[in-house]
Each structure stands twice: as structure tokens, then as C-alpha cells.
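Each remark here refers to the structure printed beneath this line.
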Amino acid sequence: MLRICALFVLALLAPTLGAEIVGRVHVVDADTIDVGDVRVRLHGIDAPEMDQTCLTEQGLPLACGAWAAERVAARFAHRMATCSQVDVDRYGRIVARCDVGGADMGRVLVQEGWAFAFRRYSTAYDLDEKGAAIRDAGLHTLRVQSPAQFRVTRAKGRIPLDPDCVIKGNISQNGCIFHVPGQAFYERTGIDRSRGERWFCSVSEARAAGWGAARR
């Protein structure tokens with residue numbers, strides 16, 4: 001009896017696969033939209049985060065997460081979408097495939113180079129991404145860290161919250177020292193605010209706060 005009850009509870013908690021969601025699109029970021037009042041994460045794709053920066057062929061920084069979101073909004077914002085639920089992610093968002101005007105929204109994003117195939121969850125858009133790469137479409141003209149790796153790096157305190165404040169104030173056995181981009185230990189240094197570590201916007205700001213420069 002307990003086993004039957006447990007299975008019944010799990011069935012109630014399980015996502016309603018195939019449930020249909022219909023509404024106008026509001027773009028949150030390049031792979032997340034609101035369909036009416038329902039937050040939807042597009043299935044099978046992954047796009048740069050809104051605070052993610054990429055580099056152009058000339059080595060210049062580009063806010064590629066915002067760039068991709070702007071292009072998705074220009075194509076799909078305020079249009080009617082019909083989405084079929086696939087899952088629910090760990091943030092409580094509906095994961096779904098969405099159709100807009102007869103087109104698979106995820107496929108369009110990958111073909112245009114505004115997002116990548118998220119092969120960890122689906123290979124449905126694998127060939128679309130390869131075609132976009134061959135054509136140098138969208139993000140494929142840039143030097144882009146994979147969105148998944150960017151999220152891991154950011155969670156470890158290695159990505160600045162403010163792109164204008166990139167100097168890392170680190171506390172170690174050598175005391176309070178700061179690292180600037182290009183130094184030997186800059187990339188591997190994470191900032192843990194709970195320990196009093198912090199980001200600085202300039203060398204003068206770091207020195208004024210009593211932090212010394214890293215030797216390399």
C-alpha cells in the first residue's frame with residue numbers, strides 16, 4: 001500500500017509532458033521566454049547568458065548574451081507561440097519546444113547562430129548548429145565560451161558582475177593582493193565575497209583600499 005501511495009504522489013509531482021502553453025512571446029534572454037504569464041526554457045538549445053561577453057575576430061569585447069537576446073526579440077517578441085512541455089528544470093521553469101508561425105523557435109535560433117545545440121539534453125539541432133558554423137552565422141563569428149562553462153566559471157567567482165570592474169581582490173597567505181587581466185594567476189583566481197574578497201574597478205581603487213599588486 002505504501003509503495004502504491006508513493007507512486008501516486010510521484011505521478012502528481014511529475015511534469016505534465018506534452019502540456020500545451022499558448023500565448024504571446026516576451027523574450028527574457030536568448031533561450032528563455034515568457035509565453036503569456038508562463039516562464040519557458042526552450043528545449044535542446046543553450047545561448048550565452050545576458051551578462052556574458054565574447055570576443056570579436058579583432059579581439060574586441062562584445063556583450064554577446066544581450067546581442068543574441070536582442071535578435072531573438074526582434075524576430076519573435078509579441079508573436080503568438082504554441083509550446084509543448086518536455087520537462088521542468090531545477091529552477092521550476094517549464095522546458096518546452098515552441099512553435100511560432102509554423103516554425104520551431106529553437107531550430108531558428110540555432111540556424112541563425114543566436115544559440116547552440118544543447119547536446120547534453122537533445123541532439124535535435126545538431127545538424128542545424130553544424131550548418132550555422134559552416135556559414136559563420138551569428139555567434140560562430142565570435143570567440144565564445146560555452147554558456148554552460150561560463151555559468152560554472154561565474155559560480156566560482158571568476159567572472160565579474162560588472163564588466164567595468166574586472167580587477168580581482170584576493171585574500172591569501174600573502175595577504176590582500178589584486179590581480180589584473182593578463183597576469184599569470186588571474187584566470188584561476190576566484191572571488192569569495194564571504195571571505196572579504198572583492199572586485200575593483202581600477203588599480204588606484206585597489207591600492208587605496210590597502211591591497212597590494214600581485215607579482216605575476
Side-chain angles (χ1 to χ4, degrees), residues 13-57 60-151 154 161 163:
L13 295 176
T16 308
L17 301 183
E20 192 172 273
I21 306 153
V22 180
R24 293 197 180 277
V25 172
H26 170 74
V27 175
V28 178
D29 59 32
D31 55 28
T32 306
I33 60 176
D34 286 338
V35 180
D37 58 358
V38 179
R39 181 63 50 90
V40 173
R41 174 67 162 81
L42 294 172
H43 177 67
I45 71 170
D46 202 15
E49 299 296 317
M50 285 296 285
D51 58 345
Q52 187 168 345
T53 300
C54 306
L55 294 177
T56 67
E57 291 180 343
L60 300 175
L62 173 70
C64 54
W67 175 89
E70 288 169 359
R71 275 143 186 81
V72 175
R75 175 73 67 89
F76 293 105
H78 311 302
R79 298 181 64 184
M80 290 297 296
T82 301
C83 303
S84 179
Q85 182 175 341
V86 176
D87 203 347
V88 175
D89 70 10
R90 60 177 176 168
Y91 303 109
R93 298 175 300 187
I94 301 297
V95 179
R97 296 185 181 91
C98 294
D99 180 284
V100 178
D104 179 336
M105 190 172 175
R107 175 158 281 114
V108 172
L109 267 61
V110 174
Q111 289 177 340
E112 294 289 346
W114 303 332
F116 302 105
F118 207 175
R119 296 178 181 84
R120 176 180 174 184
Y121 297 102
S122 174
T123 58
Y125 306 124
D126 179 68
L127 293 179
D128 298 290
E129 182 183 304
K130 290 175 180 175
I134 291 171
R135 292 184 286 105
D136 282 336
L139 295 166
H140 296 282
T141 65
L142 306 173
R143 291 164 56 188
V144 186
Q145 183 181 31
S146 78
Q149 185 58 47
F150 174 83
R151 290 190 291 270
R154 182 178 58 185
L161 299 177

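All of these numbers come straight from a predicted model, not from anything done at the bench.
Side-chain atoms of Leu142 and Thr56, non-hydrogen and from C-beta on, do get closer than 4.5 Å to each other. The shortest distance between side-chain heavy atoms of Val144 and Phe150 does not fall below 4.5 Å. The shortest side-chain heavy-atom distance between Cys83 and Ile94 does not fall under the 4.5 Å cut-off.
The CZ atom of Phe118 sits 10.5 Å away from the NE2 atom of His43 when rounded to the nearest 0.5 Å.
Take His140 and apply the ring pair (Phe, Tyr, Trp, His ring centres under 6.0 Å) test, not counting sequence neighbours, and it matches Phe116. Partners of Arg41 under the salt bridge (charged side-chain N to carboxylate O under 4.0 Å, His left out) rule, at least two apart in sequence or in another chain, are Asp31, Asp46. With sequence neighbours excluded, the residues that form a salt bridge (charged side-chain N to carboxylate O under 4.0 Å, His left out) with Arg107 are Asp104, Asp128. With sequence neighbours left out, Arg93 forms a salt bridge (charged side-chain N to carboxylate O under 4.0 Å, His left out) with Asp89.
A ring-ring contact (aromatic ring centres under 6.0 Å, His included) check over residues 76-101, counting only residues at least two apart or in different chains, returns nothing. Legend: disulfide bond (SG atoms under 2.5 Å apart) pairs involving residues 26-56, not counting sequence neighbours, sorted by first then second residue: Cys54-Cys64.
Side-chain contact of Thr123 with Asp126: a donor-acceptor pair under 3.5 Å is absent, judged by distance alone.
Just one of Arg135, Arg71, Arg75 meets the salt bridge (Lys or Arg N to Asp or Glu O under 4.0 Å) condition when paired with Glu112; it is Arg75.
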